[in-house]
Amino acid sequence: MTHTRRQFVRFVPAFGVFVIPSVSAAQGQGSLPADPPWPAPTTRGGAVDDFFPSHPPALVKEMVGVSHGNIARVRELVQQHPELAKAAWDWGYGDWETALGAASHVGNRPIAELLLEHGAAPTHFSAAMLGQLDVLKAFMAASPGLQKMRGPHGLTLMVHARNGGPQAAAVVSYLESVGDAHQPYRDDPLSDAERASLLGRYAFGDRPRDAFVVSLQKNQLMIARSGAAERGIVHQGQLAFHAVGGPSTIIRFERDGDRIVALTLHDPDPVVRAKRIS
């Protein structure tokens, strides 16, 4: 049995749909599965945990999650821990997102401005969403072709600009004139039968969550570790896929005759081989 090299996460954005459970839960719109067995953040006067002096992972993850839409909690966290304004989290498969990146791709100007005030490093994505055309032009002059770079969850620079609303309209027009700021992922076609053949449960260990589930939603293939939210995967040819936001991590399905029997996750070397059990 091959081994894992990372913690798999429970909440990841679907292809074209963004699941932000931390915000939803904070607003009473749903409940969350149990977090991994990380210790709670250290309380004043209490014993320090194994992560000290680093911020606890659960706190970092929360900071990035709430930066999509919960400004009250963002303000509370940066008041308690100012350096969390620079927090970044890997939602899985190498889909890194900063707190500012979260606010930028959903077009949340108040949170983005709050994070910048507390020391978050501005990016061309935040500049696009905030309508800072001159700043964006300077970024692009320094790095030609920058408009092709994707942000968190594989979102394009144009998505960030459009989510900036009327204040970013000039940025949208500029990016349209430049071109290549909204290139779709490669997603080679599959027949209905080919998609159906991939669906099922693939186990890589003996623990209850040591399995992937491949499913289909509105003609979109999805993958999730057991107990986690689903995530869209896009076809790169020959039954190799990557999850949105993580193009370097490849999921390859193995065929034995007419039947799919396993999948292997490469990052870029093989990390997990999961056998199909249903």
Practice item. Using modelled atom types only, decide if a donor and an acceptor are shared between the side chain of D267 and the backbone of D269 within a distance under 3.5 Å. Key: no
Point to revise | Contacts of S191 that satisfy side chain to side chain donor-acceptor pair (under 3.5 Å) - sequence neighbours left out | key: E194
Exercise for review: Quick one: list whatever passes salt bridge (Lys or Arg N to Asp or Glu O under 4.0 Å) with R201, sequence neighbours left out.
Suggested key: none
Point to revise | Between CZ on residue R252 and NE2 on residue H242, distance to nearest 0.5 Å | key: 12.0 Å
Point to revise | Over 12 foreign heavy atoms within 6.0 Å of CD, Q238 | key: no
Review point. Do F212 and V261 share a hydrophobic cluster, counting only Ile, Leu, Val, Met, Phe, Trp and Tyr and linking them when any side-chain heavy atoms are less than 4.5 Å apart?
Key: no
Exercise for review: Could you walk me through whether I223 and L263 pass the side-chain contact (heavy atoms from CB on, under 4.5 Å) test, one step at a time?
Suggested key: CA-CA 11 Å; I223 191 169; L263 67 80; 4.3 Å; yes
Practice item. Give a yes or no answer on whether the side chain of S126 reaches the backbone of T123 with a donor-acceptor pair at less than 3.5 Å. Key: yes
Point to revise | Nearest non-hydrogen partners of F51 and P56, listed with the distance | key: CB-CA, 4.5 Å
Check your understanding: Taking all atoms of both residues into account, what is the closest heavy-atom pair of S226 and P208, and its distance?
Key -> CB-O, 4.0 Å
Study note, to complete from the structure: Nearest heavy-atom approach of A85 to A120 is O-CB, 3.4 Å
Review point. Any donor and acceptor pair, going by atom type alone, linking the side chain of D95 with main-chain N or O of D90 inside 3.5 Å?
Key: no
Check your understanding: Quick check: does any side chain N or O of R195 sit under 3.5 Å from a backbone N or O of L190, one acting as donor and the other as acceptor?
Key -> yes
Check your understanding: Any donor and acceptor pair, going by atom type alone, linking the side chain of Y185 with main-chain N or O of G245 inside 3.5 Å?
Key -> yes
Exercise for review: Kindly write out the residues that satisfy side-chain contact (heavy atoms from CB on, under 4.5 Å) with I71, not counting sequence neighbours, or none if the list is empty.
Suggested key: R75, P110, I111, L114
Point to revise | Contacts of type salt bridge (Lys or Arg N to Asp or Glu O under 4.0 Å), residue K86, not counting sequence neighbours | key: E83
Practice item. Any chance you could measure Q147, atom CD, to E176, atom CD, to the nearest 0.5 Å? Key: 13.0 Å
Point to revise | Residue pair N219, D192: steps toward the side-chain contact (heavy atoms from CB on, under 4.5 Å) verdict | key: CA-CA 9 Å; N219 215 35; D192 291 344; 4.2 Å; yes
Point to revise | Residues clustering with V135 (ILVMFWY side chains joined when closer than 4.5 Å, directly or via others) | key: F125, L133, L136, F139, M140, L146, M149, L157, M158, V171, V172, Y174, L175, V178
Check your understanding: To the nearest 0.5 Å, how far apart are CG in L84 and CG in L59?
Key -> 5.0 Å
Exercise for review: Would you name the heavy atoms of P152 and G101 that are closest together and state the gap between them?
Suggested key: CG-O, 4.0 Å
Study note, to complete from the structure: Applied to residues 134-144, the side chain to side chain donor-acceptor pair (under 3.5 Å) test, sequence neighbours excluded, yields none
**Study point:** Non-neighbouring partners of E97 that pass side chain to side chain donor-acceptor pair (under 3.5 Å), sequence neighbours left out
**Key:** H68, W91, H105, H153
Review point. Is M222 linked to V213 within one hydrophobic cluster, defined over Ile, Leu, Val, Met, Phe, Trp and Tyr using a side-chain heavy-atom separation of less than 4.5 Å?
Key: no
Practice item. Mind checking side chain to side chain donor-acceptor pair (under 3.5 Å) for R186 and listing every partner two or more places apart, or none if nothing turns up? Key: D188
Review point. Would L155 and H160 satisfy side-chain contact (heavy atoms from CB on, under 4.5 Å), going step by step from the backbone distance to the final call?
Key: CA-CA 8 Å; L155 292 170; H160 289 75; 4.0 Å; yes
Check your understanding: Which distance, rounded to the nearest 0.5 Å, do you find between the CG of L221 and the CD1 of I233?
Key -> 5.0 Å
**Study point:** Hydrophobic cluster partners of I250 (side-chain heavy atoms under 4.5 Å)
**Key:** none
Review point. What's the shortest heavy-atom distance between A203 and I277, and which atoms?
Key: CB-CD1, 3.9 Å
Practice item. Take I260 and V214 through the side-chain contact (heavy atoms from CB on, under 4.5 Å) test and state the conclusion after the steps. Key: CA-CA 12 Å; I260 301 296; V214 179; over 6 Å; no
Practice item. Using the salt bridge (charged side-chain N to carboxylate O under 4.0 Å, His left out) rule, collect all pairs that involve residues 100-120, keeping only residues at least two apart or in two chains. Key: R109-E113
**Study point:** Main-chain N/O of G92 paired to R231 side chain as donor or acceptor, under 3.5 Å
**Key:** yes
Check your understanding: With side chains defined as the heavy atoms from C-beta onward, is the minimum distance between H55 and M63 less than 4.5 Å?
Key -> no
Practice item. With sequence neighbours excluded, tell me which residues meet salt bridge (Lys or Arg N to Asp or Glu O under 4.0 Å) with E76. Key: R73
Point to revise | Cation-aromatic face contact R225/F204, 6.0 Å, 45 degrees | key: no
Check your understanding: In the single-linkage hydrophobic clustering (I, L, V, M, F, W, Y; side-chain heavy atoms under 4.5 Å), do F241 and V271 co-cluster?
Key -> yes
Review point. Atom CG in L116, atom CG in L130: separation rounded to 0.5 Å?
Key: 6.5 Å
Revision key, fill the gap. Residue set satisfying salt bridge (Lys or Arg N to Asp or Glu O under 4.0 Å) with D256, at least two apart, ordered chain then number -> none
Practice item. Could you pull out the closest heavy-atom pair between A87 and V60, with the gap in Å? Key: CB-CG1, 4.1 Å
**Study point:** Point-to-point distance, once rounded to the nearest 0.5 Å, from CD of Q236 to CG of D187
**Key:** 7.5 Å
